[in-house]
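Below is one structure, written out as C-alpha cells; comments come after it.
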Amino acid sequence: MKNKGILIGSIFICFLLLSGKKTTIPYQTDSIPEKVAAVYEANFNKFQGEVDVLVNQVDKTTSLNEFGNLKEQVKKTRLAYKGIEFIFDYYQTFYAGTYINGAPLPKVNEHFKAGSVIEPCGLQALDEAVYDEASKENLQHIKVLANGLKERVDFISKTHLPIHLKSSQIIECIRSGMVRVFTLGLTGYDTPGSVNALQESYVSWQSMETTFSHFETAMYPGAKSEFKTIKQLFEKGRGILKANTDFNDFDRLGFLKEVVNPLYAGLLEFQHVNNIKLEPFKKHAQNYEAKNLFDDNFLDTDFYSELVYLPLDNPKTIQLGKLLFQDPQLSDGNKMSCLSCHNPNKGFTDGLPKSISNQKGVFTARNSPTLINANYSTRYFWDMRAFDIEKQVTHVIDNDLEFNTDFDAIIDKLNRNSNYLKLFKEAYGGIGKQDINQRSISNAIAAYVNTLKSFNSPFDEYVRDETNEYPENAKRGFNLFMGKGACGSCHFAPIFNGTIPPFYLESESEVLGITQGFDSINPKLDTDLGRIANGLNGEKQPYFKNSFKTVSVRNIALTAPYMHNGLFDTLEEVLEFYNRGGGAGMGLEVENQTLSDAPLNLSKQEIKDIIAFMESLTDTSGFTANRN
C-alpha cells in the first residue's frame, strides 16, 4: 500500500508538470545553502588574508614614496570584501556598516554604549586615507585604520563563521546586494577616495550571479524559465559593468530600467515559483515583497513606527489626526495649527525662509521642511533631536514660538468638544483611563503624517515602466545626480533623503558649510550650531557642529526656499553652492565639513539637467487636486 501511494503521488506530480501548472511543492533541499555557505567561508577567509597582507604592508612602509603600493593593497582588500559583502552585510548589518565598511565619518553609537562616538574606521576610511596627502601623519592614520580593521575582522570571524543560511535569505541577500550596488556602489558613496565604483560593482555583481547559479541544480522544474531570465539579466548587467570604465559617463538610468528593476522583480518571482517562503533573518526597512526599487511599498513604514504607542494604519486614527492637524485649538490662543507651517499646496511647507511663529513679525529659527515622505526616517527635525513622529508632535507643542502650550491645556479643550469626544472614543476607546490623552493626540497626528506618501511622480512612473514618456534632459539629470554631481551619495534612492541603503536603518546629517547669505566673495558661516546643540548627550561633539539632517528632494520644486535657514530661493542657487564645494570650497574655515570642498565642475547645462530631474520628482496627487 505504501509503494502504491508513492506511485500515485509521483503520477500526480508528473501530470501537473506535463500540464504546465505550477505546484506548491515546498522547496526542501539543503544542498544550495550548504554550497553557498562553503563558498562564502572560503571568500571570507580570502578577505581576511588580504587584511593581514595590508597590515603587514602598512607596518613595513617607511617611505612616503610607497603610498602607491598601499593604494593597490587597499584596492585588493576592498575587492575581496566586495565578494562577500552582500551576505556579510545582510547578517552583520551593524558591524558591516560601522566597523568594516562604514562611511569615513564619526558615528554616534546607539546600539551598545549609548551616546559614545565611533571614530571613522574600516574600508571606506582607508579608501579615502590612501588617496589623501602622502605625509607621516597620514601614514600613521592609515596604520591605525588597518590594524583596527584587522582586529575587528578577526573578532567577527570567530562568531560569524560557519554561517547558517536559508534559501530565502540567500535570495534576500542578493536582492539587498543589488540595492547596495545601485545606490551606494554606482554613486561613488562606497569609494570616497579611489572612485573605483564600477570595478567594485562588477565584483559584487559577479559574486551575486555566481551565488544565484547554485539554484540551477535544485529548483522546481517549472521555474526554469524564470531562472533563464534571471541568468540573462545577470549576464547583461555584468557585461555593462565590465564594458564601462568612465564613472561620469555610466548610464545609471538605463542600468536601472533594463537590468536592476527587472532582476529585482525576477528574483522575487523565482522565489514564489519555487515556494521558497519569505523568512527574513532580521527586520529591515526594505520590504522583500516589493517588485521594484521605486514601488510605493519598497520600504516598510511600519519599521519606522514600531516604537510608537499604537499602530499608525488605523483609518479612524488617521481621519482624527487629519482633523487635529488642521485645528488651531492645539496652540495657545488658538493662533496656529500644523497647517500654518505645512501647507499641502506648498508641498507641506510654508514657502518662507524661516517659519512663522505665534508672535507677529517674529519667525522661528529654521525653515519648515516638507512632511511628505517624512516618515521614512529614523530621526526628525533639522537637528535630528526626535526619534519618532509622535515625539516630533511634543516638541512643536512645547516650543515657545510655535504652539506654546502643553498637553493638559489641549486635553481640556478637546474634552469640551462633543465631536472630539466621539472620535477619540471610536479610535482609542478602552486603551486608558481617558480616551483623550497625550499619547492618543500624538499618535493620531503621527498616523495622518504617516499617510503623506508620494511615489507617483513622472520619474517613478517611468522607471516602473508605466509610461514611455520622460524628458531627455531629466534622464541626463538623473545620471548626473547619481554620478558626477554626487547628489545620490547623500540623497539616497528611492526616497532621495539621508536614510542609508540597503536596509534604511539610519538617517544621516551633513556639514555643508551653509552661509548666512549667498555671497561668494565675502561669505559668512551661518551661526546655527545644528545637531551639536540638539540636547542629546552623544551628539555634543565637534563633528556635529553645523550638521543638519539630509532631507528628501522629492517635491523639491514646491518647497523653496531651501536649507535649514532658507538661504537659497532657487534650485539654481542650491546647485551653484554645491558646485563650488560648499562653504569650505568658497574659502570658509568649516570644521569637519562632510561635503567635499572640491568643485564639481558642473556646466550650466548639467545644472539645468539635474534640476529637470529633481522637478520630475513632483507628485502631490494624493494631497491636492492637481499632481503639481
Side-chain angles (χ1 to χ4, degrees), residues 108 110 115 301 304-305 307-308 312 325 330-331 336-343 347-350 352-358 363-405 407 438 441-443 445-446 448-450 452 490-491 495-500 506-512 514 526-541 543-556 559 561-567 594:
V108 176
E110 297 171 1
T301 54
Y304 300 104
S305 61
L307 298 179
V308 300
L312 300 181
F325 190 89
L330 271 64
S331 66
M336 301 180 72
S337 70
C338 301
L339 280 177
S340 301
C341 299
H342 299 287
N343 185 339
F348 282 86
T349 66
D350 58 13
L352 299 171
K354 295 181 181 180
S355 297
I356 60 170
S357 75
N358 53 45
F363 296 89
T364 63
R366 294 172 183 152
N367 177 263
S368 177
T370 181
L371 294 182
I372 301 174
N373 296 325
N375 51 328
Y376 296 102
S377 178
T378 58
R379 304 285 286 273
Y380 299 88
F381 291 108
W382 282 107
D383 60 10
M384 306 182 77
R385 66 187 182 272
F387 286 82
D388 63 57
I389 300 179
E390 285 189 359
K391 289 185 176 66
Q392 186 178 29
V393 175
T394 302
H395 284 275
V396 174
I397 287 173
D398 289 342
N399 191 292
D400 291 346
L401 291 177
E402 297 182 75
F403 286 7
N404 190 33
T405 186
F407 278 99
Q438 176 175 340
I441 293 169
S442 298
N443 181 262
I445 296 174
Y448 170 63
V449 173
N450 194 52
L452 304 179
C490 290
H491 296 274
I495 309 299
F496 298 110
N497 67 356
T499 305
I500 309 170
E506 180 182 7
S507 300
E508 282 191 339
S509 65
E510 302 286 347
V511 179
L512 305 176
I514 299 297
D526 186 73
T527 57
D528 192 330
L529 296 178
R531 191 171 172 181
I532 196 174
N534 65 11
L536 300 174
N537 290 331
E539 299 178 26
K540 295 177 181 178
Q541 303 284 343
Y543 317 111
F544 300 120
K545 183 180 179 182
N546 307 120
S547 185
F548 296 91
K549 180 179 178 179
T550 304
V551 297
S552 175
V553 300
R554 283 182 174 269
N555 294 295
I556 199 169
T559 60
Y562 307 105
M563 303 301 178
H564 70 273
N565 60 355
L567 171 62
T594 55

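Nothing fancy with the numbering, it's 1 onward along the sequence. In this text the structure is predicted, and so the values were computed from the model without any measurement.
In terms of the ring-ring contact (aromatic ring centres under 6.0 Å, His included) criterion, His342 has no residue partners (sequence neighbours excluded). For Asn375, the side-chain hydrogen bond (donor to acceptor under 3.5 Å, both in side chains) test picks out Asn450, with sequence neighbours left out. Partners of Asn534 by side-chain hydrogen bond (donor to acceptor under 3.5 Å, both in side chains), not counting sequence neighbours, listed by chain and number: Glu539. Under the side-chain hydrogen bond (donor to acceptor under 3.5 Å, both in side chains) criterion, Ser355 pairs with Asp350, not counting sequence neighbours. The ring-ring contact (aromatic ring centres under 6.0 Å, His included) search around Phe496 returns Phe481, Phe613, not counting sequence neighbours. Listed by chain and residue number, nothing satisfies the side-chain hydrogen bond (donor to acceptor under 3.5 Å, both in side chains) test with Tyr380 (two or more places apart in sequence, or in another chain).
From Phe348, atom CZ reaches atom SG of Cys338 across 10.5 Å, with rounding to the nearest 0.5 Å. Atom CG of Asn497 and atom SG of Cys490 lie 11.5 Å apart (nearest 0.5 Å). Note: Tyr543 OH to Ile532 CD1 = 11.0 Å, rounded to the nearest 0.5 Å. A distance of 10.0 Å separates NE2 of His395 from CG of Asn399, quoted to the nearest 0.5 Å. To the nearest 0.5 Å, atom OG of residue Ser547 and atom CG of residue Leu512 are 8.0 Å apart. The distance from the CD atom of Glu506 to the OG1 atom of Thr378 is 6.5 Å, given to the nearest 0.5 Å.
Panel note: side chain Asn358, backbone Glu402; a donor-acceptor pair is recorded below 3.5 Å. When atom types are taken as modelled, the side chain of Asn404 and the backbone of Ser331 share no donor-acceptor pair closer than 3.5 angstrom. Using modelled atom types, one side-chain atom of Trp382 and one backbone atom of Asn367 make a donor-acceptor pair closer than 3.5 Å. In this structure, His491 contributes its side chain and Ser552 its backbone to no donor-acceptor pair below 3.5 Å. In this structure, the side chain of Thr370 engages the main chain of Gly347 through a donor-acceptor pair within 3.5 Å. Listed for the Tyr562 side chain is a donor-acceptor partner under 3.5 Å among the backbone atoms of Ile556. The backbone N or O of Arg366 sits nowhere less than 3.5 Å from a side-chain atom of Asp528 that would complete a donor-acceptor pair.
Put simply, the side chain of Leu536 does not reach to within 4.5 Å of the side chain of Phe544, judged on heavy atoms. Contact of the Phe363 side chain with the Ile356 side chain is registered, since non-hydrogen atoms from C-beta on lie closer than 4.5 Å. At least one side-chain heavy atom of Asp526 sits less than 4.5 Å from a side-chain heavy atom of His564.
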(request) Evaluate side chain to side chain contact (heavy atoms under 4.5 Å, CB included) for Phe407 paired with Ile397, printing each intermediate quantity in order. (result) CA-CA 8 Å; Phe407 278 99; Ile397 287 173; 3.4 Å; yes
(message) side chain to side chain contact (heavy atoms under 4.5 Å, CB included) for Arg554 and Ile372? Distances and angles first, verdict last.
(response) CA-CA 8 Å; Arg554 283 182 174 269; Ile372 301 174; over 6 Å; no
(request) Let me see the working for Lys549 and Phe381 under side chain to side chain contact (heavy atoms under 4.5 Å, CB included), right down to the final yes or no. (result) CA-CA 7 Å; Lys549 180 179 178 179; Phe381 291 108; over 6 Å; no
(message) Determine whether Ile514 and Leu567 satisfy the following criterion, side chain to side chain contact (heavy atoms under 4.5 Å, CB included), listing intermediate values before the conclusion.
(response) CA-CA 8 Å; Ile514 299 297; Leu567 171 62; 3.8 Å; yes
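With no hydrogens or angles considered, no side-chain donor-acceptor pair links Thr349 and Thr559 at under 3.5 Å. In this structure, a donor-acceptor pair under 3.5 Å is present between the side chains of Ser507 and Thr499. A donor and an acceptor atom, one from each side chain of Glu508 and Thr550, are nowhere located under 3.5 Å apart.
Under a cutoff of 6.0 Å and an axis angle of 45°, Arg379 and Phe387 form a cation-pi pair.
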